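Notes for the one structure printed next.
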Amino acid sequence: MAHGTARIGRDKYRTEISVGGRDLVADEPPALGGQGAGFAPYDLLLASLGACTAITLRMYADRKDWPLESLEVGLRLHGAEERRIDRTLTITGLDDEQRARLADIAERTPVTLTLKNGLPIDTRLT
């Protein structure tokens, strides 16, 4: 399915990431010793959830031939010990029943389910 690499050198804490043939930079903000040259790791997590939510809901509305004009997914990460994400959906162009259906679908997007259910990670040295 997906394949990626993350490489870091001596630059604090700039990390070059390549996933699916596309490149991006991650970093920590200056307050945490980085240069702020890219997205912080939790920013990338929120971006993944937001993109998956928006894309899945757009696909669903298109399949139903609903007149979805726009969809905004607001995300906020809370907590240091017990983390949680607040997600808000701003939907334009649909009636209340359609909006409620999209909110229900949002709870079952692939990234949402991965985050809620957890994902085993196997680490090995090469």
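When a residue number appears, it is its place in the shown sequence, counting from 1. On a predicted model such as this, the values are computed, not experimentally measured, just so you know.
Residue Met59 belongs to a hydrophobic cluster whose other members are Ile55, with links defined by side-chain heavy atoms closer than 4.5 Å.
By the rule that hydrophobic residues join a cluster once side-chain heavy atoms approach within less than 4.5 Å of another member, Tyr13 and Phe39 end up as members of separate clusters. Under the 4.5 Å side-chain heavy-atom criterion for Ile, Leu, Val, Met, Phe, Trp and Tyr, Leu24 and Val19 are members of the same hydrophobic cluster. Placement of Ile85 and Leu57 within a single hydrophobic cluster is found when ILVMFWY residues are connected by side-chain heavy-atom separations under 4.5 Å, directly or transitively.
Other residues, nucleotides and ligands contribute only 12 or fewer heavy atoms inside 6.0 Å of the CG atom of Asp65.
Under the side chain to side chain donor-acceptor pair (under 3.5 Å) criterion, the residue pairs touching residues 17-45 are Ser18-Asp23, Tyr42-Arg83, with sequence neighbours excluded. Within the structure, every pair that satisfies the salt bridge (charged side-chain N to carboxylate O under 4.0 Å, His left out) test and touches residues 116-126, not counting sequence neighbours, is listed here: Glu107-Lys116.
Not counting sequence neighbours, Lys12 has no partner by the side chain to side chain contact (heavy atoms under 4.5 Å, CB included) test. Scanning for side chain to side chain contact (heavy atoms under 4.5 Å, CB included) contacts around Ala6 gives Thr15, Ile17, with sequence neighbours left out.
Minimum heavy-atom separation, Leu94 to Trp66: CD2-CB, 3.7 Å.
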inquiry  = side-chain contact (heavy atoms from CB on, under 4.5 Å), that's the test. Do Val25 and Glu16 meet it? Break it down for me.
reply    = CA-CA 5 Å; Val25 173; Glu16 305 290 333; 3.7 Å; yes
task = Just do the side-chain contact (heavy atoms from CB on, under 4.5 Å) check on Thr56 and Val111 with the steps written out, would you?
result = CA-CA 10 Å; Thr56 301; Val111 173; over 6 Å; no
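Not a single donor-acceptor pair under 3.5 Å links the side chain of Thr112 to the backbone N or O of Arg108. Between the Asp95 side chain and the Gln98 main chain, a donor and an acceptor come within less than 3.5 Å of each other. Side-chain N or O atoms of Ser48 include none that pairs as donor or acceptor with a backbone N or O of Leu44 at under 3.5 Å. The backbone N or O of Ala106 sits less than 3.5 Å from a side-chain atom of Arg87, completing a donor-acceptor pair.
To the nearest 0.5 Å, the span separating OG1 on Thr114 from CG on Leu49 amounts to 10.0 Å.
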Let me have the donor-acceptor pairs involving side chains of residues 67-78, under 3.5 Å, with sequence neighbours excluded, atom names and distances please.
from, atom 1, to, atom 2, distance (Å)
Ser70, OG, Thr92, OG1, 3.3
His78, NE2, Asp86, OD2, 2.7

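The existence of a salt bridge linking Glu82 and Arg84 is excluded, since no basic side-chain nitrogen approaches an acidic carboxylate oxygen closer than 4.0 Å.
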